[in-house]
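Just so it is clear: chains get the letters A, B, ... in the order the sequence lines come, proteins before strands, and each one is counted from 1.
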Protein chains: 2
Amino acid sequence: MARVGLTTQRLVRAGAELADEIGFEQVTASELARRFDVKVASLYSHVKNSQDLKTRISLFALEELADRAADAVAGRAGKDALVAFANVYRDYGREHPGRAAAARMRLDPETAAAGAGVRHAQMTRAILRGYDLAEPDATHAVRLLGSVFHGYAGLEVAGGFSHSAPDSQETWTRILDALDALLRNWPTEPTP
Amino acid sequence: MARVGLTTQRLVRAGAELADEIGFEQVTASELARRFDVKVASLYSHVKNSQDLKTRISLFALEELADRAADAVAGRAGKDALVAFANVYRDYGREHPGRAAAARMRLDPETAAAGAGVRHAQMTRAILRGYDLAEPDATHAVRLLGSVFHGYAGLEVAGGFSHSAPDSQETWTRILDALDALLRNWPTEPTP
DNA sequence: TGCATAAAGCTAAAGCGTTTAGGCAAACGG
DNA sequence: CCGTTTGCCTAAACGCTTTAGCTTTATGCA
């Protein structure tokens with residue numbers, strides 16, 4: 001019985017790759033065990049249960065995404081930063097659809113707070129430094145940006161925009177133009 | 001063996017209620033059979049399989065949501081219509097979290113096109129008649145609105161904004177103000 | 001070096017959800 | 001009142017999850 005060298009880390013990374021191949025929903029302890037050529041029960045020494053495995057994959061993806069975002073934003077400001085930041089999210093979703101789906105998985109608030117969720121919020125806030133938004137408008141804007149990135153990725157993977165003109169890339173570019181314009185001219189008072 | 005009177009319709013409606021109670025992900029043929037006090041195999045005369053059941057619940061929710069939206073938008077225009085429309089989505093998510101999750105389920109494009117997906121797109125487009133958007137900007141705007149509604153609901157149910165100031169309702173109102181301002185002043189050309 | 005011990009991976013088994021095949025009986029049409 | 005449809009059943013196979021307890025491997029300390 002040669003040891004394969006299972007680790008929580010290795011399981012999570014392999015699970016992330018598996019998610020990209022077959023979809024996050026389809027990632028299962030059994031399938032993962034098959035990949036490592038190991039009996040299913042062996043995984044349970046490294047992972048609490050199936051839910052725990054998925055949660056860890058989600059947190060891994062969030063971390064990886066935050067790393068990329070931090071990298072992209074460094075040394076940029078204003079619209080330049082906004083576009084770079086947004087493109088990280090979009091590119092990640094296209095390059096790693098399974099991990100991106102994992103990142104969108106609903107985590108209970110405490111788990112999310114302990115993970116990279118905070119980094120994402122802080123980076124989004126950092127983007128807004130290039131615009132002139134005081135609280136609480138900055139928070140509103142952070143939430144708007146989160147909703148758009150989150151929502152667009154979800155709709156795009158669902159095939160919502162595919163095969164219909166104008167193409168998704170064009171829309172994405174124009175949405176970023178629009179968001180930039182909006183942030184530069186955020187309405188302080190509702191206009192009835 | 002008294003007959004319960006199972007129907008695809010009844011199964012789907014009960015499945016939708018079940019989703020609101022225990023979460024869409026947890027809706028299972030077994031659980032549904034338990035509710036009707038019927039053996040699981042009996043469901044398979046009315047539903048092709050478990051996936052088919054979920055798809056039907058999703059389509060049901062989309063239809064219900066489209067009905068409400070159509071109702072809300074009737075006789076309104078401009079920001080008034082935008083706000084009413086957006087609030088339908090948000091209220092539905094809070095009133096029927098399970099159905100809303102079902103509505104966000106990824107369907108294959110042909111299934112979605114055959115269902116109420118088209119109505120949603122058309123209504124969103126109708127909202128934009130109150131603003132001055134020519135193609136392709138109108139399409140970009142439709143996609144932006146879809147992303148925001150979709151994304152906000154997803155983040156809100158994940159508890160993203162709960163228990164942190166400012167409260168979610170305030171943000172929602174201000175986001176709608178912002179979107180209204182953006183639509184009235186949509187940037188025709190990127191501003192570098 | 002050699003042994004003790006913790007950890008890795010295994011077998012076995014129970015539980016639950018899905019799905020199909022085939023059977024009985026209730027409802028319904030003529 | 002009879003025949004047909006069909007609603008619901010039993011039975012069984014299959015796959016994923018999870019726990020319990022065992023064997024073997026690796027590792028570190030004497």
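Remark: P of dT11(C) and NZ of Lys39(A) are 5 Å apart, rounded to the nearest angstrom. Taking atom CZ of residue Phe36(A) and atom P of nucleotide dA8(C), one finds them 14 Å apart after rounding to whole Å. One can place CZ of Arg3(A) at 7 Å from P of dA8(C), the figure rounded to the nearest angstrom. As a whole-Å value, the separation of Asp37(A) CG from dA8(C) C1' is 15 Å. In this structure, Leu43(B) atom CG and dT10(D) atom C1' are separated by 15 Å, rounded to whole Å.
Distances shorter than 4.0 Å separate none of the side-chain N or O atoms of His46(B) from OP1 or OP2 on dT6(D). For Ser42(A), a side-chain nitrogen or oxygen approaches OP1 or OP2 of dC10(C) to under 4.0 Å.
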*Applying side chain to side chain contact (heavy atoms under 4.5 Å, CB included), run through Arg119(A) and Glu63(A) and close with a yes or a no.*
CA-CA 9 Å; Arg119(A) 286 177 68 197; Glu63(A) 204 79 48; 3.0 Å; yes
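Between the side chains of Arg174(A) and Gln169(A), no donor-acceptor pair of N or O atoms lies under 3.5 Å. For the residue pair Thr111(B)/Asp108(B), the side-chain donor-acceptor check at 3.5 Å is satisfied. Side-chain atoms of Asp132(B) and Trp186(B) include no donor-acceptor pair closer than 3.5 Å.
No donor-acceptor pair closer than 3.5 Å links the side chain of Thr171(A) to the backbone N or O of His140(B).
The minimum heavy-atom distance between Leu53(A) and Leu11(A), with the atom names listed, is CD1-O, 4.5 Å.
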Using a cutoff of under 3.5 Å, can you pull out all pairs of nitrogen or oxygen atoms linking the protein to nucleotides 16-19 of chain D, with atom names and distances?
residue : atom : partner  : partner atom : Å
dC16(D) : OP1  : Arg34(A) : NH2          : 3.3
dC16(D) : OP2  : Arg34(A) : NH2          : 2.7
dC16(D) : O3'  : Thr28(A) : OG1          : 2.8
dT17(D) : OP1  : Thr28(A) : OG1          : 2.9
dT17(D) : OP1  : Ser50(A) : OG           : 3.1
dT17(D) : OP2  : Thr28(A) : OG1          : 2.8
dT17(D) : OP2  : Ala29(A) : N            : 3.1
dT17(D) : OP2  : Ser30(A) : N            : 3.0
dT17(D) : OP2  : Ser30(A) : OG           : 3.2
dT18(D) : OP2  : Tyr44(A) : OH           : 2.9
dT18(D) : OP2  : Ser50(A) : N            : 2.7

